[in-house]
Every structure is written in C-alpha cells, then in structure tokens.
Chemist: 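So that we are looking at the same thing, I have put the structure below in structure tokens.
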Number of protein chains: 2
Amino acid sequence: MVTSGTPEKDTRTQTVLRAEDPRSPATISDVARLAGVSKTTVSHVLSGRRPVSDATRAKVNRVIEELGFQQNFFATGLTGRRTQTIALVVQDLTNPFYPALARGLQQTMAEHGHVVLLADVGAGVPPVGAFLSEAVQRRVDGVVVAAIDISDEQIEPLRAAGIGVVTVGDPRRRTTTDVISSDDERIAADAVAYLHDQGHRRLGIVSGPPHTAPGAPRLAGYRNALRAHGLRPLKAAETTGDWTRESGAKAMTALMDLERRPTAVFCANDLMAIGALDAARVLGLAVPGDVAVVGVDDIDAASLVSPALTTIRVPAQDIGRVAGEQLMTRIGTPTGPARRVLVQHSLVVRESA
Amino acid sequence: MVTSGTPEKDTRTQTVLRAEDPRSPATISDVARLAGVSKTTVSHVLSGRRPVSDATRAKVNRVIEELGFQQNFFATGLTGRRTQTIALVVQDLTNPFYPALARGLQQTMAEHGHVVLLADVGAGVPPVGAFLSEAVQRRVDGVVVAAIDISDEQIEPLRAAGIGVVTVGDPRRRTTTDVISSDDERIAADAVAYLHDQGHRRLGIVSGPPHTAPGAPRLAGYRNALRAHGLRPLKAAETTGDWTRESGAKAMTALMDLERRPTAVFCANDLMAIGALDAARVLGLAVPGDVAVVGVDDIDAASLVSPALTTIRVPAQDIGRVAGEQLMTRIGTPTGPARRVLVQHSLVVRESA
DNA sequence: AACACCCCGCAAACCGGTTTGCAAGCAAGG
DNA sequence: CCTTGCTTGCAAACCGGTTTGCGGGGTGTT
C-alpha cells in the first residue's frame, strides 16, 4: 500500500466498527455489546435453541456480518457435543484404491460441513492405537476405518466414546460396526460367468491371502461359480498371492506349469493380474490367445498395460461416498443395528479376456 | 471382575480412586483432588512452565496414570497457542503424485505428534476459501498447499492468522511462503542430456501448460539444454498438453506429423508420455526404435506400460517429508525469509529411451 | 380487574483447562 | 536475629462460548 505515512498508527485493517483490539478476532461479547443485547441472546440466534424475535435476530445478524464474527471452535467444542470432524484411517495411500476412497469420502463430508482427519497407518506411523486415541481426545464425530489390520478390540474405545464407526471392506469380520464393501462373492462369480461365456472351461485363480477380507469371499465365489456352471474346482489350479504384482507373476507361472493348464485365470485384484501378464510375456504366451486374464478393481493402470486388462470395476470413490453417507446417519443415531452395504461392481471388458 | 455383588453401586470400571461419575473422563480437578494439590500444580506438572518439587510431581503423575487422565483438547486449545494440527490442501487425490506426497507428509507430522486435516479441492468441494477459513478457525499450526489453483491472495488470511504456510511445486510464483519443489529446469536438462548422449539430435517436447508451475520451467530447461548442446530449439517441435494422457497422445501425433520429425520426445510428465506411447502405437512407430520417449514423475504406471517408460523420478513422498520438516521449523519461527528447497530427482532408464 | 400463559431477554454458572499475583516456608547472608 | 531471595503451592481470574433459572411485559380468558 503506497500511501503518505500516517505518523501515529496505521489502520491497516478495515474493521471500522471494532471497538477493542482490532487484530484479535471478534468474540460473542463484542457482538452482544455492539448489538445492544446479551451474550445469551447472541448464542440463541446462533444455535436457534430458543426463539428470538425477528427484530433482535436481524440486528444481531447484521453485527455478526459487519464484524465477520465466527464462533471459536474450541469454546464451542468445550461444551458442545459435535465437532464437525471425522477421521479416516487407511491402510496404504500408495495403493490407488485408497486415494479414490478418500476423495469420495472427503467430498461427501465436505458437503455436510465436516472436515476429515487422515491417517495412513500402513507404515506403522502413526501407530493405530495412538491415532485412534487422538481421535477420541479430539472428539471426532465419527471414524471410517479402511484398514484391514485394525481389529474390533482396537475399535472398541471409539464406540465406548459414542463415536460413530463405519468400516470398509470386511463384511464378515466386523460384527459391531456398519460395513461398506464390494460384493466379493458375486465379483468372482461374474468373472467366472464371463469367462465361461467366452468358452473357457479350464479355469484357474490367483487368490488373495485366503483368510483376509476380500481374499476369502472371492475364492469362495470362484469355487461356487465353477460348480454352478458344472465345472469342478481343481485344487491345483488355486494359487495364492499377497495382492502385489510380483506375487501375481509367481502364481501365474505356477499355473502355467500345470499339466492341464488353465485357458483362463481369474486374479483377485488388478496388481496381481498385471503380474500375471508379466509372467505370460516371459513365458511367451499370448494373452488372451493362449490364456485369458481377468482382474478386479479397475485401477488406472489396468487400462495402461498391454494387453489392456479386462477387469471387474470396484468403484472406490463411490464406496467412499457411501461410507460418508452411512457415517452421517450413524452420527445421528449412534445406536441401532449394524448395517451392511454392498456396493455394485461392473465388468470392464478390455483386451486381456 | 467376578466378585460377589455389592448391592449398592457396581464398580464396573477398575478406576478405584475415581470419586465422582465414573463414566465421564477424568478432569484436571479430579487429578488435583486425588493428589491432594491444586489444579494449578497439576497444570504445571503437565506443562513444565513452573518448577514443581520431585515429590509432588511424582504424586501427581501417579494419579494421572491411575486415572488415565488426558488433557481435554478443547480446554487446552481455548487458551493455548498450538493445536498440533496441520492442514494439507491437494489438487487431486486421484493423481498418484498427491497420495505419495500426503503419505510422506503425514508420516513426518505424526512423528512430531501432529495430526493432518485433508482437503482435496480439485472437484471444487470443498471450495478452497471455505476450507482455508475452516483451517483458520480451527487454529491449525500450519498448512501445506499442494494445489496449483490457489493464489497468494487466498493464502494471505492464513499468514495474517500467524499460521505457517509451505507450498509445494511452484517455485516462481510464490514469493511469500516457503516452497518445496522439484528442480524443474534441471529435470528437463537432464532428460535432454540423456537423449543427446543416446545420439539423438532432433528433439521435441510435449510441454505442460506454459504459464503454470512445472510447465514453464520444464520448457525453459528444455530450450536452454538444447542450446547448451549446440542444438537449436524448433518452435514447431514444441507442443503443449494439459498433463493428461489424451493431451499427450494428441501432441505426439502432431509431432510425428512434422516434416523432419523428432527422433526423441521429452514429455513433461508421465501421463502425457504414456499418451505419447499410445499415439506411437497407433501410428505404427516403434519405441524406442523409431522415436524415443522420456517422461517425468515415475508414477507407478510408468513401469507398467509397454515399452516401460524411461522417466525422471520426482520423489513425491520425499517432497511430502521435506514439506513437513520445513513446516515444523516454520511453525517454530513464523517470521523470517521464505525458504526454497529443491528436491533431488533421478533418471530411471527403462525401455522407452 | 384478576389470572394464567407465552414470548423474549438477561445474569450467572459452567465446560476444563492456563496463567497471574500472592504468600508461606525455608535456607543463606549479614 | 533480621533481611533477602528462592522454592513451592494456592486462589482466582480468564479463554469464549453454552445452558439454566428467572423475571418483565404483552396477550387472552374468565
């Protein structure tokens, strides 16, 4: 600001009406004084917990406007019950599934005027317990848990504190919280049905760890679907990976070594499917000519590999959205039976099958 | 606890010493009463702002332990200055660069006992202004801005509120805040040097938007490097994309249409480079045989495409770490000259060049 | 005119900490 | 024996809101 210097004090802010110290934010007392009413009345205007006459309300609102008054977050939190804050705990942000989930959740919560605390607990920093206890201390309204490593016991303190909890991705294990997840058995069934449609009769699977969340149901769905189509699940054609690309390549190699090798392979996620493509290339097998491959998730990379991956799309962002909506209703009614929501998937046909 | 029932009141929690309501958390008054001292003394034990005798401190600490007392976040925040909270504003979580950044930042902040508020402002929800004002209201200690859409004017209120600000990725535009970024001119120079080493003499570029953050310096670096190697930058061989895969394909097609078409193309990010690979495939050109391609970022997908992308790796997670460290020192000393930190990149040679 | 009732606003207590001013206890110094 | 100064702890005010109990004034009923 290039002006002639005023020797005394510069009035650099434009808050004309502020009577006291112009640099600290306006308080409810300032509003009350300038509006000629009591703090109580201002508070009632703000919260609407008791009726206030139109004239008074208008006057108060005008002063609030002029002063740019905002309620002090901490003063409100000291007595109030809600903090308009939720926490999101994810397993590993570098896995593309979670950022998409986070984005959907964050948008939904923002629409409801809530703010999101984020913790990626995959690397052990912060420790799960420490973060959850922070969340309790900060009186978050709710928590979305999208991290398979977290047990019911670790969640218990949240529920004890009256905090809404929604978990993502583990429909069998959680008995006490709302759960949002993909319909994992049907995902596997749909993949098998598609491959069967394409004429494949000898199928194999690269499953996830068989006792964890999406691993078990996808394996079960695969087996059931085979039987439903009159095929017999062969133990030999069931391999296991740990969701990584490398494990997928290894499992695929094993499958291709079989006497009667499968003509189509269902991989329980895209990263392992991409690994399977790696293995096929190394072995000199054409995809889908010699062997077809189907994945699950539809991560961005699925369309980048060559051949582009046919996959079952699991809409992570929508899951985040749904988790947010569910959390909002859960915050409203903390008790009540746990709800399970299955989010719809869809088949994305590309080149690999 | 299986004991004979005491008819009067059940002591279901194990907090033997709690006198009052056993279900609401312990307060500092509880601690004071049980320790036989005043609130003041307990507060001093907690904060260490005044000396307390060893005996008293031990006694107080024991009671704190027994009660599981934790300071009320809101009561502390009402008077105290620090909230152990920072905000992270990112442009678009579905761009793999940002989750990696977020992870690094979050880990660093967790090590310092801070919690991260996350906002993805790419979709306009929440609006930037609204989120930043929320951050001010919640008295965050600092903000990391990793969103190119945010202007200095929008950041000003933060600085006015004494909040530390660190921006990521825009070393020229920000004059008032600390900036962490990649060394974009040298990234381009290194890419050009590598291609020159490989014998390429006719180069082209798919640049980013020429007036935005990493777009301009990478283009400038490319031009300067050409001259440094005795080559003349050709306007015709300078195309522009908007960081997306599709725009990269389009730009590449234009380059390949040139009379004297480049034998090597530098793409200002990986997504556009992948688009360039798409275009080359469509045109029936072999990479790197007919034309070499180099990208920037080293996103996960870079190793998935075929041919695998040779690229300049920009360590997003490290940038997050560095931003966190810088923010911590900035929180400690709010004033002082703005600092710029350039994070080291590295060349990752794969198949495309 | 008397009574009940509702509407509206205020003063004061309270949430759970932090911070300040003061004083008692004690050891060292003169 | 009397200062001086340091250590240690307390009571009370304060941060900025929310909530409760109460009373004055206006309206409707009998």
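Order of the sequence lines fixes the chain letters, A, B, ..., with proteins taken first and strands second; residue numbering starts at 1 for each chain.
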Chemist: Can you give me every donor-acceptor pair (side chain of residues 127-138 of chain B, partner residue at least two apart or in another chain, under 3.5 Å) with its distance?
Modeler:
from	atom 1	to	atom 2	distance (Å)
B:Glu134	OE1	B:Arg138	NE	2.7
B:Gln137	NE2	A:Gln71	O	2.7
B:Arg138	NH1	A:Thr85	OG1	2.6
B:Arg138	NH2	A:Thr83	O	3.2
B:Arg138	NH2	A:Gln84	O	3.0

Chemist: Please name all residues satisfying side chain to side chain donor-acceptor pair (under 3.5 Å) with B:Gln106, sequence neighbours left out, ordered by chain then number.
Modeler: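 Result, side chain to side chain donor-acceptor pair (under 3.5 Å) vs B:Gln106: none returned.
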Chemist: Choose from D:dG9, C:dG9, D:dC10 the nucleotide whose nearest atom is closest to any side-chain atom of A:Val52.
Modeler: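 Nucleotide nearest to A:Val52's side chain: C:dG9.
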Chemist: Could you check how far CZ of A:Phe74 sits from P of D:dG16, rounded to whole Å?
Modeler: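 Going from CZ in A:Phe74 over to P in D:dG16 covers 12 Å.
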Chemist: What's the separation between atom NZ in B:Lys59 and atom CG in B:Asn61, rounded to the nearest 0.5 Å?
Modeler: 12.0 Å
Chemist: Please name all residues satisfying ring-ring contact (aromatic ring centres under 6.0 Å, His included) with B:Phe74, sequence neighbours left out, ordered by chain then number.
Modeler: A:Phe73
Chemist: List for me each residue that meets side chain to side chain donor-acceptor pair (under 3.5 Å) alongside B:Asp92, sequence neighbours excluded, and say none if there are none.
Modeler: A:Arg103, B:Thr94
Chemist: Which residues pass the side chain to side chain donor-acceptor pair (under 3.5 Å) test with B:Glu153, sequence neighbours left out?
Modeler: B:Ser151
Chemist: Which nucleotides of nucleotides 17-23 of chain C have their base under 4.0 Å from a protein heavy atom (B), which only their sugar-phosphate (S), and which neither (-), written as one string 5' to 3'?
Modeler: BBBBB--
Chemist: What's B:Thr41 touching, base or sugar-phosphate or nothing? Going by heavy atoms closer than 4.0 Å.
Modeler: sugar-phosphate
Chemist: For B:Ser53 and D:dT7, is the shortest distance between a side-chain N/O and OP1 or OP2 below 4.0 Å?
Modeler: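 No, B:Ser53 has no side-chain N/O under 4.0 Å of OP1/OP2 on D:dT7.
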